[in-house]
Amino acid sequence: MPKIVLLDPISDDGKNILQNAPNIEFEEHLGLKGDELKKCLTGFDGAIVRSGVKITAEALEGNSRLKAIARAGAGVDNIDTKAATRHGIIVMNTPGGNTISTAEQTFALILALSRNTAPAYQALIEGRWDRKNYTGNQLAGKTIGIVGMGRIGQVVAGYAKAFEMKVIALDPFFTAQRADELGITLVNHLHDMLPQIDFLTVHTPLNDQTRGMFGKKELELVKKGAKLINCARGGIYDLDTLVDGLETGKLGGVALDVYEEEPCTSHPLFGKPHVVCTPHLGASTEEAQTNVALEAVELLLDYFTHGTIRQAVNFGTLDASTLASHRGQLNLAYRLGMLSAQLQLGNIKSCKLRFKGEVSKKDTSLISSAFAAGLTTAAMQEDINIVSAAPLLKERGIDLSIEKTSEIGEFSSLITAELFGDQGSVAISGTLFGNSMPRLVMYNDYQLEGYLDGNLLFVEHQDKPGVIGALGCSLGARNLNISDMSVGRMKCSRQPGGYHIGVLALDDEPDAVLIKEIAAMSPVSKVYPVKLPAPDVLPAWMA
């Protein structure tokens with residue numbers, strides 16, 4: 001009989017379902033850490049956590065029993081998903097249950113900053129009737145910047161529109177069409193919105209791309225008096241920058257609901273003027289706690305009762321036989337997706353996948369999901385699997401269409417991905433050499449034969465002597481070794497002149513200075529680096 005442990009408090013409604021579930025046992029062991037947590041986890045098949053308990057690699061070490069973890073909430077940064085994957089443990093989350101509550105908390109902090117609510121009340125407690133010093137600002141007519149237009153970001157945008165605010169948003173996977181529907185303006189970079197906004201709120205995960213997103217350079221660009229709100233994850237705003245911004249008066253206010261280390265009872269911003277801080281209350285409503293608890297419980301019950309995997313962040317719903325017969329094409333599509341995300345198209349509007357030849361007879365919806373997983377993983381720096389990727393694209397208004405034909409052309413199987421963004425479009429084609437070697441064979445109208453792994457450098461240049469030599473000299477001067485190179489001409493002509501595409505495989509990653517140097521070469525029209533996994537590295541859901 002499966003046993004489930006509750007490591008953080010959940011609502012009584014959730015516990016009642018567990019209590020009444022047939023053939024399921026559950027126990028509560030709250031607030032564990034260290035060796036106590038490690039020992040506890042060895043005695044259970046499933047676990048439910050919120051944000052309090054941290055399931056680390058050390059906590060999972062040597063665990064051969066635990067099979068599934070359900071996070072009652074969206075973020076899973078308190079769970080080492082890589083360690084869980086290595087132990088064959090499925091990690092599932094409940095991203096929709098606290099959407100409204102977190103969006104409402106965001107706006108509560110916006111209003112509190114705008115109307116000086118907290119200090120004005122404190123003045124009354126201290127016996128002072130002080131209206132003049134707490135004059136605030138109305139929201140109508142002000143501009144808010146939103147970074148991250150997922151579920152929560154879209155709800156916040158709706159609230160802002162209701163308050164007659166102008167909304168500017170940043171999200172590489174949010175289409176202009178969807179933005180028009182919501183009446184908001186899209187930008188391509190944080191720096192584009194900073195000089196325009198009165199408020200900034202972030203709704204993204206914390207990762208290498210978003211950590212310290214707002215730092216000293218951003219402080220210089222932002223409008224004087226701007227107010228910053230964070231109900232997402234601690235660390236997205238650089239703490240020293242927030243302190244400097246408040247002390248110099250460049251920032252008009254800061255409101256935090258999340259912190260890099262929690263629980264947090266001592267903080268450099270606590271007690272400063274124009275600051276409102278709350279103890280991670282984003283999901284702390286009765287409704288949200290009930291919703292995420294019920295959903296987390298149902299996820300585990302479905303898994304242990306029926307073997308159903310839903311909303312997994314580290315596994316897809318793949319059985320062994322399907323994986324074995326599709327792995328090569330899944331890997332090819334995944335890498336084409338990762339490549340597509342790095343080709344500097346701005347905000348992607350739509351994608352079209354064309355399957356030609358033998359691959360068209362396989363499960364193309366599954367292969368398309370692998371492409372979507374690669375596309376979103378590379379753009380968002382998250383571990384996204386084939387279950388979550390396609391809905392993530394749809395949520396952001398990106399259309400993914402499929403065409404297929406069994407006609408065999410130059411290759412027995414060919415996958416072509418065509419992407420349309422607000423800064424251009426691109427078409428790339430890939431095939432398998434043998435059963436497991438993905439290759440890039442077409443870039444727009446250029447024919448080539450390039451690897452799809454490691455550090456790649458794409459260079460479009462004039463087709464004339466000396467260009468490759470100049471590239472080699474620049475790379476050699478920085479001790480960057482070229483492990484492989486493919487150069488292709490236009491398929492239609494194959495004649496000298498015109499332009500070439502060069503794809504260079506490098507042993508190390510090129511730096512920004514080198515990229516600028518190559519871009520400045522007169523024969524070069526475009527250059528950009530691409531980083532793909534090593535040949536033997538597969539995402540957890542594929543391995």
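Values reported hereafter were calculated over all heavy atoms of this structure, with side chains retained and with hydrogens, waters and symmetry mates removed. All values derive from a computational prediction rather than experimental measurement.
Looking at Val76 and Ile69, their side chains never come closer than 4.5 Å, going by heavy atoms from C-beta outward. Between Arg478 and Glu517 the shortest side-chain heavy-atom distance falls below 4.5 Å. Side-chain atoms of Leu457 and Ile518, non-hydrogen and from C-beta on, do get closer than 4.5 Å to each other. For the pair Ile152 and Val155, the minimum side-chain heavy-atom distance is 4.5 Å or more. Put simply, the side chain of Arg211 reaches to within 4.5 Å of the side chain of Leu206, judged on heavy atoms. Side-chain contact between Gln122 and Ile125 is present, with at least one heavy-atom pair separated by less than 4.5 Å. Taking 4.5 Å as the limit, some side-chain heavy atom of Tyr237 sits within range of a side-chain heavy atom of Val202. Side-chain atoms of Leu111 and Phe163, non-hydrogen and from C-beta on, do get closer than 4.5 Å to each other.
Formation of a donor-acceptor pair under 3.5 Å by the Glu260 side chain with backbone atoms of Gly234 is not found in this model. Of the possible donor and acceptor atoms, one in the side chain of Lys142 sits under 3.5 Å from a partner among the backbone N and O of Gln138. With hydrogens and angles disregarded, no donor-acceptor distance shorter than 3.5 Å links the side chain of Arg71 to the backbone of Asp77. Between the side chain of Lys250 and the backbone N or O of Glu220 there is at least one donor-acceptor pair closer than 3.5 Å. Judged by distance alone, with hydrogens and angles left aside, the side-chain atoms of Asp240 form no donor-acceptor pair with the main-chain N or O of Val243 at under 3.5 Å. Lys54 places no side-chain N or O within donor-acceptor distance of the main-chain N or O of Lys33, the cut-off being under 3.5 Å. Put simply, the side chain of Lys161 gets close to the backbone of Gly183: a donor and an acceptor are under 3.5 Å apart. Here the side chain of Thr175 pairs a donor or acceptor atom with the backbone of Gly397 at under 3.5 angstrom. Distance alone, capped at 3.5 Å, places no donor-acceptor pair between the Glu58 side chain and the Gly34 backbone. Remark: side-chain polar atoms of Asp508 are not paired, donor with acceptor, to backbone N or O of Leu480 under 3.5 angstrom.
Between the side chains of Asn455 and Asp507, no donor-acceptor pair is found at a separation under 3.5 Å. Side-chain N/O atoms of Ser51 and Asn78 include no donor and acceptor closer than 3.5 Å. In this model, a donor atom of one side chain and an acceptor atom of the other lie less than 3.5 Å apart for Thr85 and Asn314.
Distance CZ/Phe214 to CG/Leu221: 8.5 Å, rounded to 0.5 Å. Taking CG of Leu170 as the start and CG of Asp192 as the end, the distance is 8.5 Å to the nearest 0.5 Å. With rounding to the nearest 0.5 Å, the separation of CG in Leu242 from NE2 in His267 is 8.0 Å. Expressed to the nearest 0.5 Å, how far CZ of Phe371 lies from CG of Leu353 amounts to 5.0 Å. For the atom pair Asp8 CG and Leu32 CG, the distance stands at 9.5 Å (nearest 0.5 Å). Atom CZ of residue Arg151 and atom OG1 of residue Thr102 lie 12.0 Å apart, to the nearest 0.5 angstrom.
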TODO: Would you sort out whether Ile48 and Val297 count as a side chain to side chain contact (heavy atoms under 4.5 Å, CB included), showing the intermediate values?
DONE: CA-CA 8 Å; Ile48 295 177; Val297 167; 3.8 Å; yes
Task: Audit row: Leu532, Gln342, side chain to side chain contact (heavy atoms under 4.5 Å, CB included) steps and yes/no - done: CA-CA 10 Å; Leu532 298 177; Gln342 301 175 66; 4.0 Å; yes
- [ ] Could you please spell out the steps behind the side chain to side chain contact (heavy atoms under 4.5 Å, CB included) verdict for Glu218 and Leu190?
- [x] CA-CA 8 Å; Glu218 288 71 29; Leu190 178 63; 3.8 Å; yes
TODO: Report the C-alpha distance between Glu181 and Arg178 in whole Å, list the side-chain angles of each, state the deciding distance to 0.1 Å, and finish with yes or no for salt bridge (Lys or Arg N to Asp or Glu O under 4.0 Å).
DONE: CA-CA 5 Å; Glu181 291 173 0; Arg178 181 66 177 142; 3.0 Å; yes
- [ ] Determine, step by step, whether Asp198 and Lys223 satisfy the salt bridge (Lys or Arg N to Asp or Glu O under 4.0 Å) criterion, reporting the C-alpha distance in whole Å, the side-chain angles of both residues, the deciding distance to 0.1 Å, and the verdict.
- [x] CA-CA 7 Å; Asp198 303 290; Lys223 180 192 293 187; 3.2 Å; yes
TODO: Check step by step if salt bridge (Lys or Arg N to Asp or Glu O under 4.0 Å) holds for Glu298 and Arg310.
DONE: CA-CA 10 Å; Glu298 291 296 342; Arg310 293 187 293 114; 5.8 Å; no
- [ ] Check the pair Ile184, Met149 against side chain to side chain contact (heavy atoms under 4.5 Å, CB included), reporting the backbone distance first and the verdict last.
- [x] CA-CA 11 Å; Ile184 65 179; Met149 287 298 289; 3.5 Å; yes
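Heavy-atom contacts from other residues, nucleotides or ligands closer than 6.0 Å to CD of Glu286 number 12 or fewer. With a 6.0 Å radius and a threshold of 12 heavy atoms from other residues, nucleotides or ligands, Glu262 has its CD atom above the threshold. More than 12 heavy atoms of other residues, nucleotides or ligands lie within 6.0 Å of CZ in Phe270, so this atom counts as buried by the packing criterion. Within a 6.0 Å radius of NE2 in His29, other residues, nucleotides and ligands contribute more than 12 heavy atoms. More than 12 heavy atoms of other shown residues, nucleotides or ligands fall within 6.0 angstrom of atom CG in Asn133. The neighbour count for Glu164 CD, taken as heavy atoms of other residues, nucleotides or ligands under 6.0 Å away, does not exceed 12. Crowding of Gln423 atom CD: a count of heavy atoms from other residues, nucleotides or ligands under 6.0 Å exceeding 12.
Using a cut-off of 4.0 Å between Lys/Arg side-chain N and Asp/Glu carboxylate O, Lys15 and Asp12 are scored as salt-bridged.
Minimum heavy-atom separation, Met165 to Leu139: CG-O, 3.3 Å. Here the closest heavy-atom approach between residue Asp171 and residue Asn347 is recorded as O-OD1, 2.8 Å. Considering every non-hydrogen atom in both Pro535 and Arg335, the closest pair reads O-NH2, 3.5 Å. Shown here for Cys351 and Ile398, the closest heavy-atom pair between the two residues is SG-CG2, 4.0 Å. Closest approach of Asp422 and Gly346 over heavy atoms only: OD1-CA, 3.4 Å. Summarising the geometry of Ala74 relative to Pro95, their closest heavy-atom pair is CB-CA, 3.8 Å, with the distance given to 0.1 Å.
Each of Leu299, Thr94, Asp13 was evaluated against Leu294; a single residue qualifies, Asp13, per the side-chain contact (heavy atoms from CB on, under 4.5 Å) test. For the side-chain contact (heavy atoms from CB on, under 4.5 Å) with Leu200, the lone residue among Leu194, Ile144, Ile168 that qualifies is Leu194.
Between Phe458 and Tyr528, the ring-plane angle classifies as parallel under the 30° and 60° cut-offs.
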